[in-house]
Amino acid sequence: MSNQVTKAVIPVAGLGTRVLPASKAIPKEMMPVVDKPVIQHVIEEAVAAGIKDIVLVTRSGKAAIEDHFDCHYELEAELERKGKTAILESVQNILPSDVSISAVRQDKALGLGHAVLCAAPIIGNEDFAVLLPDMLINCYGLPQTDLSAMVETYQNTGCGQIMVEPVPMEHVDRYGVVDCSGVAITAGQSANISRMVEKPPIDEAPSNLTINGRYILPARIMELLKDTKPGAGGEIQLTDAMADYLNEGNLQAFHMSGKTYDCGNKAGYLQANVVYGLQHEETAESLKAFIKELDI
Ligand code: G1P
């Protein structure tokens, strides 16, 4: 099959209110997890899954994100002069040369669906990925990342893939929730979605399988988003456009194998730093020793 997905939308226009005051003057996406900003982890995940064109949906005050992926001539010249080759490479080669990043503006905070729609002129009539930058999907030690597995399933089936994970039932009202008609899916598997709903009341949720920020979507979603009315929280919801799509085509829930860290909240962000720190060759040993010594 020739289904390809080479474009990804990453909405970065959020206010970062859950991690204030840290995110007052810097975008929350620029907060580091070990030695890279969260957004770099997310973009590297997209690139590893074959994405070539990344569209950031951004707003004023967030230029640091674009700058991070741009060339910093002065810094590079200085590192070169000092012979600091390893550091130079880490700032020079953030992205492979065949990957491009562009940015569009979201001028009003009307919701995730609206943010994705802002990228429509660049996405055009192509199937596309969406990655929510708060969510780090850790696939350390797995044969492939969950996003790569989703792309593969999409290539084999032609069917849009929505990453899901089970959460405790009392938390389902924070997320988009999918209904796979009771079909049990295990890690790495996909199943057709019969229904989905954004932030349902707990007693109305169709399951505990929640959408966790990675999507491979048909181009048609952009058309549907143009007509999507405000939904949960008064916002234009991507989930509602996907739910409309179910009237005309299939979407599948992909059960992740890795682990999610929500860096948009303080606890998730701290956990990500501990886990990624324990997986990083420069910090693993000393961090492990430090944790063992803690009297907790
Ligand atoms: C968004 C989506 C929701 C998804 C969540 C994952 O909600 O609308 O379906 O479950 O991201 O984090 P938000 O967190 O922006 O309210």
Side-chain angles (χ1 to χ4, degrees), residues 8-20 23 27-29 38-39 41-42 45 56-59 62 106 108-119 128-138 146-147 150 160-180 193 195-202 204-217 221 224-225 228-246 251-256 258-269 271-272:
V9 180
I10 306 189
V12 295
L15 284 171
T17 44
R18 292 182 299 156
V19 283
L20 280 169
S23 57
K28 64 176 172 176
E29 295 82 2
V38 174
I39 187 71
H41 288 278
V42 173
E45 176 194 352
L56 300 171
V57 181
T58 185
R59 65 165 171 84
K62 292 219 149 180
Q106 183 184 21
K108 289 190 191 88
L110 296 180
L112 175 60
H114 177 258
V116 171
L117 181 59
C118 291
F128 61 102
V130 175
L131 289 87
L132 303 190
D134 282 351
M135 304 304 243
L136 283 187
I137 308 292
N138 189 288
D146 281 316
L147 190 66
M150 280 169 75
Q161 303 290 315
I162 321 294
M163 197 190 290
V164 298
E165 69 175 318
V167 303
M169 209 58 204
E170 61 266 31
H171 293 163
V172 289
D173 55 353
R174 305 174 185 173
Y175 302 99
V177 182
V178 304
D179 183 355
C180 294
I193 298 172
R195 191 162 68 98
M196 64 178 98
V197 49
E198 181 69 15
K199 302 193 177 75
I202 295 168
E204 286 171 28
S207 77
N208 70 336
L209 287 178
T210 59
I211 299 171
N212 66 351
R214 300 293 183 271
Y215 314 74
I216 311 289
L217 295 173
I221 290 290
L224 292 169
L225 277 171
T228 303
K229 303 280 175 292
E235 297 188 340
I236 297 173
Q237 298 290 354
L238 180 57
T239 304
D240 292 344
M242 296 191 296
D244 286 345
Y245 182 82
L246 294 178
L251 292 172
Q252 294 187 329
F254 173 89
H255 190 311
M256 73 180 314
K259 205 159 169 4
T260 308
Y261 296 94
D262 181 357
C263 293
N265 78 61
K266 291 168 194 174
Y269 174 72
Q271 287 164 13

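Everything numeric here is computed off the predicted structure, so don't read it as measured data. In listed order, ligands and their atoms are each counted from 1.
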Who's closest to atom 12 (O) of ligand 1 heavy-atom-wise, of Arg18, Gln237, Lys199, Met135? Met135
Expected output: side-chain Asn208 to main-chain Val167 donor-acceptor under 3.5 Å: yes
Report, in ascending order of atom number, the atoms of ligand 1 lying under 4.0 Å from any heavy atom of Gly176. 3 (C), 4 (C), 9 (O), 10 (O)
Please identify which atoms of ligand 1 are closer than 4.0 Å to at least one heavy atom of Leu132. 1 (C), 11 (O)
If I take atom CD from residue Gln237 and atom OG1 from residue Thr228, how far apart are they, to the nearest 0.5 angstrom? 10.0 Å
for atom 8 (O) of ligand 1, nearest protein heavy atom and its distance come out as Glu198 OE2, 2.7 Å
Just going by heavy-atom distances, which of Asp262, Ile211, Leu238 is nearest to atom 6 (C) of ligand 1? Ile211
Would you say atom 15 (O) of ligand 1 touches the protein, meaning some protein heavy atom is under 4.0 Å from it? no
Close approach, Thr239 and ligand 1, non-hydrogen under 4.0 angstrom: yes
For Lys62 versus Ala13, what's the shortest heavy-atom pair and its separation? NZ-C, 4.1 Å
Hey, what do you get for CD (Glu198) to OG1 (Thr210), rounding to the nearest 0.5 Å? 10.5 Å
Sub-3.5 Å donor-acceptor pair from the side chain of Arg214 to the main-chain atoms of Leu132, do we have one? yes
Out of the candidates Thr58, Leu56, Ile39, only one should pair with Glu29 under the side chain to side chain contact (heavy atoms under 4.5 Å, CB included) rule; please name it. Ile39
